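This structure is a prediction, so every number in the text was calculated from the model and none was measured. Remember, it's 1-based here, ligands and their atoms both numbered in the order they're listed.
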Amino acid sequence: MVSLEGSATTVSEAVETRRSLRAFLPDKVEPKLLKEILVKASRAPSGTNMQPWNVHLLFGESQAKVSQAVLQDYDNNVPYDEEQPYYPDKFFEPYLSRRRKVGWDLYGLLGIEKGDKEKMKAQHRRNYEFFSAPAAAIFTIHRDLNIGSWLDYGMYLQSVMLLAREAGLHTCPQAAFCGYHKAIRTALALEDSEVVVCGMAFGYADFSAVENTLQTDRADADEFIKIYS
Ligand SMILES: Cc1cc2nc3c(=O)[nH]c(=O)nc-3n(C[C@H](O)[C@H](O)[C@H](O)COP(=O)(O)O)c2cc1C
């Protein structure tokens with residue numbers, strides 16, 4: 001098994017050791033370091049160099065403000081309401097099985113049994129605490145941009161996550177924030193034109209946390225690659 005500790009020194013190592021980690025140490029992450037990562041990542045390609053990314057980098061009080069605003073809605077059962085659907089309206093195979101597997105594997109590690117809605121909710125709630133990470137970001141995009149720019153955005157986000165590995169950091173991308181964009185909009189005074197793409201937790205991983213031992217599968221090569229000669 002590949003070690004997730006330390007820093008990645010090659011692109012392959014960064015790709016292999018990038019995991020969505022869900023427990024972080026309280027150790028501070030320097031704002032300068034994260035800003036450097038966000039700037040370096042902006043070398044990501046984008047159609048006609050439009051660079052659709054827009055980052056709200058959060059530490060300390062501002063991070064707590066976003067967390068509290070979202071948690072207030074979450075705890076008061078304000079309905080989840082995203083501006084752009086991330087998932088299909090109805091899951092189907094093979095996506096349904098893959099989604100279920102990662103969910104049950106995570107809950108299994110945490111000792112959460114099927115049907116224990118309270119514990120599941122408590123684990124989901126950890127999203128809105130950014131899994132205790134000492135730094136976070138909310139990524140937004142202009143609402144008039146199209147699917148191509150969202151594709152470009154994904155490249156930017158992966159670049160951020162790989163560069164974080166080079167700096168010895170780990171991340172968790174978090175679509176969970178999209179459904180509470182109204183709370184985020186108020187907390188950060190977002191422009192009306194901005195749509196929340198996702199959140200992201202940044203920090204040094206807590207390797208003693210069982211959730212960080214999660215191993216996610218990938219489909220075999222012949223399930224998704226066809227070679228033509
Ligand atoms: C855009 C995006 C949004 C995600 N949102 C969440 C989230 O809200 N909460 C969470 O715990 N994981 C989230 N994930 C992590 C996925 O569950 C994870 O990428 C997947 O299970 C594969 O695991 P790995 O990232 O460790 O390789 C997200 C991933 C992506 C790419």
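Per-atom contact check: atom 2 (C) of ligand 1 touches the protein, criterion being a heavy-atom distance below 4.0 Å.
Taking the centre and axis of the six-membered ring of Y87, the NZ or CZ atom of R99 falls inside the cone set by 45° and 6.0 Å. In this structure, K121 satisfies the cation-pi test against Y74, with its NZ or CZ atom closer than 6.0 Å to the six-membered ring centre and inside 45 degrees of the ring normal.
Backbone and side-chain nitrogen or oxygen atoms of Y86 are examined, and none is located within less than 3.5 angstrom of a nitrogen or oxygen of ligand 1. At least one N or O atom of A176 sits closer than 3.5 Å to an N or O atom of ligand 1. Residue P173 has at least one N or O atom closer than 3.5 Å to an N or O atom of ligand 1. Checked by distance only, ligand 1 and S20 come closer than 3.5 Å through their nitrogen or oxygen atoms. The N/O atoms of Y87, backbone and side chain alike, include none that comes under 3.5 Å of an N/O atom in ligand 1. Looking at ligand 1, you won't find any N or O of C198 less than 3.5 Å from one of its N or O atoms.
Partners of R98 under the salt bridge (charged side-chain N to carboxylate O under 4.0 Å, His left out) rule, at least two apart in sequence or in another chain, are E223.
At the top of the distance list for atom 21 (O) of ligand 1, counting protein heavy atoms only, stands V102 CG2, 3.5 Å. In this structure, atom 12 (N) of ligand 1 lies nearest to the protein heavy atom R22 NH2, 3.1 Å. The nearest protein atom to atom 5 (N) of ligand 1, hydrogens excluded, is given as A175 N, 2.8 Å; this is a heavy-atom distance.
With salt bridges taken as basic N to acidic carboxylate O contacts below 4.0 Å, one links E83 and R185. K40 has no carboxylate O lying under 4.0 Å from a charged side-chain N of E36, or vice versa, which leaves the two without a salt bridge. No salt bridge links D192 with R143; every basic N to acidic carboxylate O contact stays at or beyond 4.0 Å.
Listed by number with element, the atoms of ligand 1 under 4.0 Å from a non-hydrogen atom of R19 are 26 (O). Less than 4.0 angstrom separates some heavy atom of N127 from each of these atoms of ligand 1: 7 (C), 8 (O), 9 (N), 10 (C), 11 (O). The contact set between ligand 1 and R218, taken as ligand atoms under 4.0 Å from a residue heavy atom, comprises 22 (C), 24 (P), 27 (O). Heavy-atom proximity to Q174, at under 4.0 Å, picks out these atoms of ligand 1: 5 (N), 6 (C), 7 (C), 8 (O).
The aromatic rings of F130 and F177 sit parallel, their planes meeting at an angle under 30°, below the 60° perpendicular limit.
Counting heavy atoms under 4.0 Å from ligand 1, residue H124 does not touch it at all. The residue L214 has no part lying near ligand 1, judged by heavy-atom distances below 4.0 Å.
Within the structure, the closest approach of R126 to ligand 1 does not fall below 4.0 Å when heavy atoms are considered. The shortest separation from a heavy atom of F131 to ligand 1 is under 4.0 Å, placing the residue in contact.
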Assess the residue pair I138 and L58 against the criterion (side chain to side chain contact (heavy atoms under 4.5 Å, CB included)); give the C-alpha distance rounded to whole Å, side-chain angles, the decisive distance to 0.1 Å, and a yes or no. CA-CA 8 Å; I138 296 291; L58 310 173; 4.0 Å; yes
Checking side chain to side chain contact (heavy atoms under 4.5 Å, CB included) for the pair T213/V210: CA distance, chi angles, key distance, verdict? CA-CA 5 Å; T213 64; V210 71; 4.1 Å; yes
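A centroid separation of less than 6.0 Å is found between the aromatic rings of Y180 and Y128.
Under a 3.5 Å cut-off, the side chain of N76 and the backbone N or O of V78 do not form any donor-acceptor pair.
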